[in-house]
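Structure, as structure tokens:
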Amino acid sequence: MNKLISRQIIEINRKLSGICSNAETIKEIDAILLEIYSKNKEGFYIFRDSVSKAAKLACELYNQKPFANKNLATAIYTAFVLLQVNGITLTGYDNDLKTLQTHIINNDNFAVENWINKYNPDNMI
């Protein structure tokens with residue numbers, strides 16, 4: 001599974017907000033990433049696939065607000081990048097971004113996963 005690192009997420013936020021982050025922000029992002037890629041005592045990922053990891057990452061980035069500005073935009077864009085590096089490209093979602101924003105703001109990982117799956121053409125039956 002392809003991963004993102006804290007410096008990549010910080011660069012995404014810098015491009016969206018124009019603000020450079022500090023070393024403390026790197027620690028905050030690293031802690032969020034540890035949660036996303038954590039394993040249970042049997043050695044299995046708690047967040048089992050790219051979609052669940054992207055959903056959790058988006059919710060945590062927004063709700064923990066590690067950046068001075070653009071936390072929601074960074075959360076969404078970072079989730080999309082994580083999905084893309086793992087071969088998942090969403091389509092047809094342009095008119096439904098408000099729904100995704102609401103799910104992220106409400107810290108509803110399950111709803112974010114469902115939203116992603118709705119616009120994942122490889123997941124359609």
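Rounded to the nearest 0.5 angstrom, Leu83 CG and Asp49 CG are separated by 9.5 Å. Rounded to the nearest 0.5 Å, atoms CG (Leu33) and NZ (Lys56) are 12.0 Å apart. Interatomic distance, CG of Asn109 versus CG of Asn107, reported as 6.0 Å (0.5 Å rounding). In this structure, the separation between CG on Asn86 and NZ on Lys3 is 10.5 Å, given to the nearest 0.5 Å. A distance of 11.0 Å separates CD1 of Ile76 from NE2 of His103, quoted to the nearest 0.5 Å. Taken from CG in Asn114 to OG1 in Thr99, the straight-line distance is 12.5 Å, to the nearest 0.5 Å.
Lys65 forms a cation-pi arrangement with Tyr62, by the criterion of a distance under 6.0 Å to the ring centre and an angle within 45° of the ring axis.
Side chain of Asn120 to main chain of Ile116: no donor-acceptor pair is present (N/O by atom type, distance under 3.5 Å, no hydrogens or angles). Not one N or O on the side chain of Lys70 forms a donor-acceptor pair closer than 3.5 Å with the backbone of Asn13. For Trp115 (side chain) and Tyr93 (main-chain N/O), no donor-acceptor pair under 3.5 Å exists by modelled atom type. Between the side chain of Thr74 and the backbone N or O of Asn71, no donor-acceptor pair lies under 3.5 Å.
Between Tyr37 and Tyr45, the angle of the ring planes goes over 60°, which puts this pair in the perpendicular group of the 30/60° scheme.
Shown here is Asn22, whose CG atom has more than 12 heavy atoms of other residues, nucleotides or ligands within 6.0 Å.
Every residue two or more places apart in sequence or in another chain was checked for a salt bridge (Lys or Arg N to Asp or Glu O under 4.0 Å) with Asp30, and none qualifies. Arg14 meets the salt bridge (Lys or Arg N to Asp or Glu O under 4.0 Å) test with Glu11; sequence neighbours excluded.
Taken together through direct or relayed side-chain contacts under 4.5 Å among Ile, Leu, Val, Met, Phe, Trp and Tyr, Ile12 and Ile5 form parts of separate hydrophobic clusters. Connection of Leu90 to Leu97 is established within a shared hydrophobic cluster, with ILVMFWY side chains joined at heavy-atom distances below 4.5 Å, either directly or through further cluster members.
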Checking side-chain contact (heavy atoms from CB on, under 4.5 Å) for the pair Ile104/Leu72: CA distance, chi angles, key distance, verdict? CA-CA 8 Å; Ile104 292 170; Leu72 184 57; 3.8 Å; yes

For Glu35 and Glu60: C-alpha separation, side-chain torsions, deciding distance, then whether side-chain contact (heavy atoms from CB on, under 4.5 Å) applies. CA-CA 9 Å; Glu35 200 173 319; Glu60 291 303 315; 3.9 Å; yes

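Checking Ile9, Leu57, Asn63 one by one against Ile32, the side chain to side chain contact (heavy atoms under 4.5 Å, CB included) holds for a single residue, Leu57.
Of all heavy-atom pairs between Ala79 and Ala58, the closest is CB-CB, 3.9 Å. Nearest heavy-atom pair, Thr89 versus Pro121, reported as atom, atom and distance to 0.1 Å: O-CD, 3.2 Å. Annotation for Ser21 and Phe67: closest pair OG-CD2, 3.5 Å, computed over non-hydrogen atoms.
Inter-residue side-chain proximity for Leu61 and Ile29 is flagged as met; some heavy-atom pair is nearer than 4.5 Å. In this structure, Leu16 and Tyr77 have side chains that are in contact, with non-hydrogen atoms separated by less than 4.5 Å. The side-chain heavy atoms of Val51 and Asn117, taken from C-beta on, include a pair separated by under 4.5 Å. The side-chain heavy atoms of Leu100 and Phe80, taken from C-beta on, include a pair separated by under 4.5 Å.
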